[in-house]
Protein chains: 4
Amino acid sequence: MRSVDLNCDCGEGFGAYRMGDDEAMLGLVTSINVACGFHAGDPEIMARMFGAAKARGIAAGAHPGFPDLYGFGRRRLPFSPDEIERLILYQIGAAQALCLHVGTKLRYVKIHGALSNIAMVESSVALATARAVKTASPDLWLLVPAGTELERAGLASGLSIAREIFADRAYTDQGLLVERACHGALLEDAEEAASRILTMVQEGTILTVSGKRLPAQIESICVHGDSPNAVAMARAVRARLEGSDILIKPFVLV
Amino acid sequence: MRSVDLNCDCGEGFGAYRMGDDEAMLGLVTSINVACGFHAGDPEIMARMFGAAKARGIAAGAHPGFPDLYGFGRRRLPFSPDEIERLILYQIGAAQALCLHVGTKLRYVKIHGALSNIAMVESSVALATARAVKTASPDLWLLVPAGTELERAGLASGLSIAREIFADRAYTDQGLLVERACHGALLEDAEEAASRILTMVQEGTILTVSGKRLPAQIESICVHGDSPNAVAMARAVRARLEGSDILIKPFVLV
Amino acid sequence: MRSVDLNCDCGEGFGAYRMGDDEAMLGLVTSINVACGFHAGDPEIMARMFGAAKARGIAAGAHPGFPDLYGFGRRRLPFSPDEIERLILYQIGAAQALCLHVGTKLRYVKIHGALSNIAMVESSVALATARAVKTASPDLWLLVPAGTELERAGLASGLSIAREIFADRAYTDQGLLVERACHGALLEDAEEAASRILTMVQEGTILTVSGKRLPAQIESICVHGDSPNAVAMARAVRARLEGSDILIKPFVLV
Amino acid sequence: MRSVDLNCDCGEGFGAYRMGDDEAMLGLVTSINVACGFHAGDPEIMARMFGAAKARGIAAGAHPGFPDLYGFGRRRLPFSPDEIERLILYQIGAAQALCLHVGTKLRYVKIHGALSNIAMVESSVALATARAVKTASPDLWLLVPAGTELERAGLASGLSIAREIFADRAYTDQGLLVERACHGALLEDAEEAASRILTMVQEGTILTVSGKRLPAQIESICVHGDSPNAVAMARAVRARLEGSDILIKPFVLV
């Protein structure tokens, strides 16, 4: 039986602020990318999220981003690849320690926002990311957007990798995400998104804005945690996949 | 031959800011307490300091504090013991990862400023500190002010502990530090401080402001990194101890 | 015809974070307390809120708090009255400049959270607040909780003051707010709160938890912006007052 | 008698951190650019600096920068001109209020670091800066690098402007600063810098790296506050100018 993972960003609040409906998403996904205190998140939220991952038997991931609470990690900040390597290591280490605190283990790393956008196309940043993950622990998986420099860097470094596609984002013909600011970048209709995802998973392709099909290995689907209809979309995607006999489970043994 | 460790706070800059003369101190001490990004420090500085510890064969320690860059970790902030446990874990984890980055291992933890002042007298905070250290790794040592709740918490938790006295701080008859704001709290004469330290190390006692001698095990001496004459004091203390056939070496195998 | 002002906290998001439903509240209140970037808020949000105040003909107020985004200004931080005076001045000045930017004028100041709780009972902090407001501009009003040290400090300093009561908070027999953490501190039923407010406004009294009636001048009613049912409560309070021929208008000429 | 102003950056510490020797510089310059809490500075330091300006009869200026304490305002951050306008307004307003607190008046604005570098060449940012200053108060002067977009924007907006040259920075043939990272960007020899400055002031030209002379109006000389030999350079420049009968005084009436 075919299987695929559903992942979402989680714990992206800060102090009194909340972002997205973590509680609802935790019931729908099988892997959570937990913000690590730089673009969002704090030790309290991290411990809560990792504890929830343990309680539900889903995979705990670290979600490092630029140190940019104001910009929510979505702005490209001027850090060199070496500095980025250390920013990521700092955040993974913090996440590992808070996983131990709740009696679980950090399973994987997925980088956030602008950092991910850069690493998808710049091999120096992708390689810095892979180095950081491998240094923190060679047992960690790297969750990467399918068909990008991050995928190549993960493979080259010998890390276990899982490739993801995005349920709510349109793709260019190069297999990259259409920029958030562009028309049509964000898919809003949950059922439409679910159908598209089912096709991509069944075919092993990425559907692009122009209708092209790019071959891709797909081990995970990202249903974003912070868009207003994230819960509806996660629910629709999950239902459509399960209705087509695709098993939803973590890409890594939990 | 008797031996003792010299430790100092290090890496307490932030971005373009510097605090103390790290370079000079690195040549004088045998253990460094590296700020972890909350009261001071950032990933760049941390990696540099841990790298220097490796290069010089001295012990690398994490120096977690309150998240209070403005107050340099010297203000008592309203966090519960459980929150403090997670603040400390977050910082230790980050430090462990950056140690791996430079090819070394984090050896010990010493908490900073107001956090330490609280943990010296409040057992709930002392125990939270010990739990955090043990969770991060049972191999980590806890460096504690001699004769305090932190010492008791470290022992009770089964951690390896090292007890320190302060070269530049006066002691109350209860064996606590005289508050920074009080007259005479900070010793400024390096030679006088060196003589006092030699006596304390040789006798195994803490000399208090009123001239009392409190018995204490002493495995390390803290020569603060951020006072203006820290370098002179560290040099004087080291010379006086070595001149009396006391070996200066880390309290933990490096 | 009797009249009273409705005020609420506004603009308490930060970057991508939102707090409360500013848009809905703007249609219900006559004065807005705009966060100034320390406990919440940023220049973008401030300009938007002050612009909205201008567009709707409601009074623009500054809402300074402790520099504590993590704690949302609700934690007592260790600042002296003199430091608090400067923290408040900094924030008022920033708010004044952003009012000019959108072509309006800052009318009043209301302090936030823990800062307000302290100033309600500590005259040194209340007086520091009044000094800050008067220094920024003697034309500014000070919006104060009725019957507190802040009211006394405002009067003593010769500032124009408006006294407020809280629609969603219970009162002790001393006329202070029951602490948030205590049972019954937050009123949740909008209709019940509206009835209580109507009584207080008509009688000129504060109703306490034990049923006492404390005489009080009431020029404004605070309908908190960040509680989940703030919009329902503001709507109910407004309807009940208007239904009893009480005019809802700003306490200051706009 | 010819006169010129000497200005420097001041108050660029934060909390326990210090940057440069403010005390020494205050005795040598006639205008101070006080950091406003975004790239450096805090309300305590600001009040102290503005108080010192008053006490010494020198001109108090605001020195707004990007919100980037980690990067000390030297990194180009992704803000639009409209956002920059509001960032600057926020900081000017805060500075104005703290000037009133110490009984003085803010006289001028000079923007900092990367923000200034951008505004020197991008007219949209230069115009946003001028708009911010004019909105805060049309009485404020704008202190600008001679021969740049900022000068043009200031003139176009009808602000009073003063043009400055830098004592410790080399100039390109376009009249721009050689980038800090480039060889020869920073002049280190105080006497050499003093001679060069005297020539530029006497001739009304900017001397470039290739030896060209660009005509320029010069009303102020910036002697940077944060370089290690800033005090020596300020002293040398001041002595050389005074020795050639050039009066050192603020460009604006204090």
Side-chain angles (χ1 to χ4, degrees), chain C residues 11 14-15 34-38 41-51 60 62 64-67 69 77-106 109 128-140, chain D residues 11 14-15 34-38 41-51 60 62 64-67 69 77-106 109 128-140:
Chain C
F14 178 77
V34 177
C36 297
F38 272 40
D42 61 50
E44 290 302 294
I45 296 175
M46 291 168 77
R48 224 151 46 224
M49 289 299 122
F50 290 133
F66 278 124
L69 190 67
L77 294 194
F79 287 98
S80 71
D82 283 353
E83 289 168 332
I84 285 172
E85 183 175 349
R86 290 185 275 272
L87 288 179
I88 294 176
L89 263 163
Y90 183 103
Q91 295 177 71
I92 298 174
Q96 287 173 313
L98 287 166
C99 278
L100 293 176
H101 174 62
V102 298
T104 188
K105 212 184 143 182
L106 189 75
V109 174
T129 302
R131 281 197 307 272
V133 174
K134 197 166 183 183
T135 297
S137 167
D139 292 343
L140 285 167
Chain D
F14 178 77
V34 178
C36 297
F38 273 39
D42 61 50
E44 290 302 295
I45 296 175
M46 291 168 77
R48 228 159 33 229
M49 290 298 123
F50 290 135
F66 279 125
L69 189 68
L77 294 194
F79 288 98
S80 71
D82 283 353
E83 290 169 331
I84 285 171
E85 183 176 348
R86 290 184 276 273
L87 288 179
I88 294 175
L89 263 164
Y90 182 102
Q91 294 176 72
I92 298 175
Q96 288 173 312
L98 286 167
C99 278
L100 292 177
H101 174 62
V102 298
T104 189
K105 213 183 141 182
L106 190 75
V109 174
T129 302
R131 281 198 306 275
V133 174
K134 197 167 184 181
T135 298
S137 166
D139 293 343
L140 285 167

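What you see below is based on every heavy atom in this structure, not just the backbone, and it leaves out hydrogens, waters and symmetry mates. Since this is a predicted model, take the numbers as computed values, not measurements. The chains referred to below are lettered A, B, ... by the order of the sequence lines, with proteins before strands, and numbering in each begins at 1.
Judged by distance alone, the side chain of Gln91(D) and the main-chain N or O of Gly65(D) form a donor-acceptor pair under 3.5 Å.
Looking only at heavy-atom pairs under 4.5 Å with chain C, the residue among Gln96(D), Glu85(D), His101(D) that has the most is His101(D). Per-residue counts of heavy-atom pairs under 4.5 Å with chain C were compared for Gly103(D), Pro67(D), Cys36(D); the largest is that of Cys36(D).
Taking all atoms of both residues into account, the shortest heavy-atom contact from Gly37(C) to Tyr90(D) is CA-OH, 3.9 Å.
Under the 30°/60° scheme for interplanar angles, the aromatic rings of Phe79(D) and Phe66(D) are found to lie parallel.
Residue contact with chain D, scored on non-hydrogen atoms closer than 4.5 Å, involves the backbone and the side chain of Leu100(C) alike. Heavy atoms of Leu89(D) lying under 4.5 Å from chain C belong to its backbone as well as its side chain.
Classification of Arg131(D) and Asp82(D) as a salt-bridged pair holds, one side-chain N sitting under 4.0 Å from a carboxylate O.
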